[in-house]
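The block underneath contains the structure these notes are about, expressed in structure tokens.
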Amino acid sequence: DFPEGITNGAQWYDIKGGMQDFNYLHSNCMELTVELTCCKHPPGKTLHRHWEANKESLLSYMEKVHMGVKGIVTTKAGKPVEGAEVFVAGINWNVTTTSAGEFWRVLAPGQYTIKAVGSAGTDKVDVTVDENETSVINLVLT
């Protein structure tokens, strides 16, 4: 049963310790597997046909990666904060800022409270995420 053509891979076959888990847990990166054919190793001559049959949906999906929030966490003096934890209220998974204080989080449209906690303090803001948009929020720790 694939509602709207989608399956949760973990319900289909569970892989523990794969690259998808590692990347999500340790690098703020979401990785996924897209299976376009039931053939495990399709002949190279068929790849163009698979691309043409799925190009628009794949490109549309790739555009969704920008939906959500992104920004930079800084100190009052404007210096980026590396390693700050960025929380989304109601979601039990935080992301960590880069060495340049950057963060990003894919979110469905809706209202969210975003909070950053780091060595320089905390900051919290309410934000609205719109369909197909990126909300840029820069947080200043005090």
Side-chain angles (χ1 to χ4, degrees), residues 1-42 44 46-142:
D1 183 29
F2 302 114
E4 298 183 41
I6 299 170
T7 184
N8 177 331
Q11 292 174 347
W12 197 10
Y13 56 90
D14 192 18
I15 298 173
K16 299 227 184 289
M19 284 303 295
Q20 293 173 337
D21 293 340
F22 178 84
N23 285 329
Y24 183 68
L25 293 172
H26 300 288
S27 70
N28 298 345
C29 175
M30 288 179 51
E31 193 173 303
L32 65 112
T33 301
V34 177
E35 297 182 9
L36 301 177
T37 175
C38 60
C39 179
K40 185 73 169 174
H41 302 285
T46 66
L47 296 181
H48 181 74
R49 184 177 34 167
H50 292 301
W51 169 248
E52 288 301 322
N54 295 282
K55 176 172 61 175
E56 291 305 317
S57 58
L58 289 169
L59 292 173
S60 178
Y61 179 78
M62 289 185 342
E63 291 170 357
K64 295 287 187 189
V65 302
H66 296 289
M67 189 168 59
V69 296
K70 70 177 182 178
I72 300 175
V73 177
T74 61
T75 64
K76 285 192 294 188
K79 295 187 180 195
V81 178
E82 179 178 4
E85 299 293 320
V86 180
F87 301 88
V88 179
I91 298 177
N92 192 23
W93 185 254
N94 58 304
V95 295
T96 306
T97 58
T98 67
S99 60
E102 303 159 309
F103 72 93
W104 54 91
R105 181 70 193 251
V106 176
L107 294 170
Q111 297 284 122
Y112 298 93
T113 299
I114 311 292
K115 180 180 180 180
V117 178
S119 58
T122 64
D123 191 12
K124 183 168 73 168
V125 65
D126 292 325
V127 63
T128 300
V129 172
D130 294 319
E131 183 78 29
N132 299 322
E133 297 292 328
T134 304
S135 297
V136 178
I137 55 169
N138 295 316
L139 299 160
V140 180
L141 302 186
T142 56

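In what follows, residues are counted from 1 in the order of the sequence shown. Note that the structure is predicted; figures quoted are calculated from it, not measured. Below, each value reflects all heavy atoms present in this structure, side chains not excepted, and no hydrogens, waters or symmetry copies.
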Just how far is it from atom NZ of K124 to atom CG of L139, taken to the nearest 0.5 Å?
-> 12.0 Å
Inter-residue atom distance E133.CD - T128.OG1, 0.5 Å rounding = 12.0 Å
Closest approach of [X] and [Y], non-hydrogen atoms and distance?
X    : Y    : answer
M67  : E131 : SD-CA, 3.9 Å
R105 : W93  : NH1-O, 2.6 Å
H50  : P42  : NE2-CB, 4.3 Å
I72  : F103 : N-CE2, 3.8 Å
V117 : K115 : CG2-CE, 3.8 Å

What do the steps show when you test W104 against V86 for side-chain contact (heavy atoms from CB on, under 4.5 Å), and what is the final call?
-> CA-CA 9 Å; W104 54 91; V86 180; over 6 Å; no
Partners passing side chain to side chain contact (heavy atoms under 4.5 Å, CB included) against P80 (at least two apart in sequence or in another chain) | none
Is a side-chain donor or acceptor of D123 paired with a backbone partner of L141 at a separation under 3.5 angstrom?
-> no
Does G83 offer a backbone N or O that forms a donor-acceptor pair with the side chain of T97 under 3.5 Å?
-> yes
Would you sort out whether K70 and V136 count as a side-chain contact (heavy atoms from CB on, under 4.5 Å), showing the intermediate values?
-> CA-CA 5 Å; K70 70 177 182 178; V136 178; 4.1 Å; yes
Are any of the side-chain heavy atoms of N138 and T74 separated by less than 4.5 Å?
-> no
With a 4.5 Å limit on heavy-atom distance, are the side chains of L107 and I91 in contact?
-> yes
Short N-O contact, R49 and E52, less than 4.0 angstrom = no
Would you please test W51 and L58 for side-chain contact (heavy atoms from CB on, under 4.5 Å) and show each step?
-> CA-CA 9 Å; W51 169 248; L58 289 169; 4.0 Å; yes
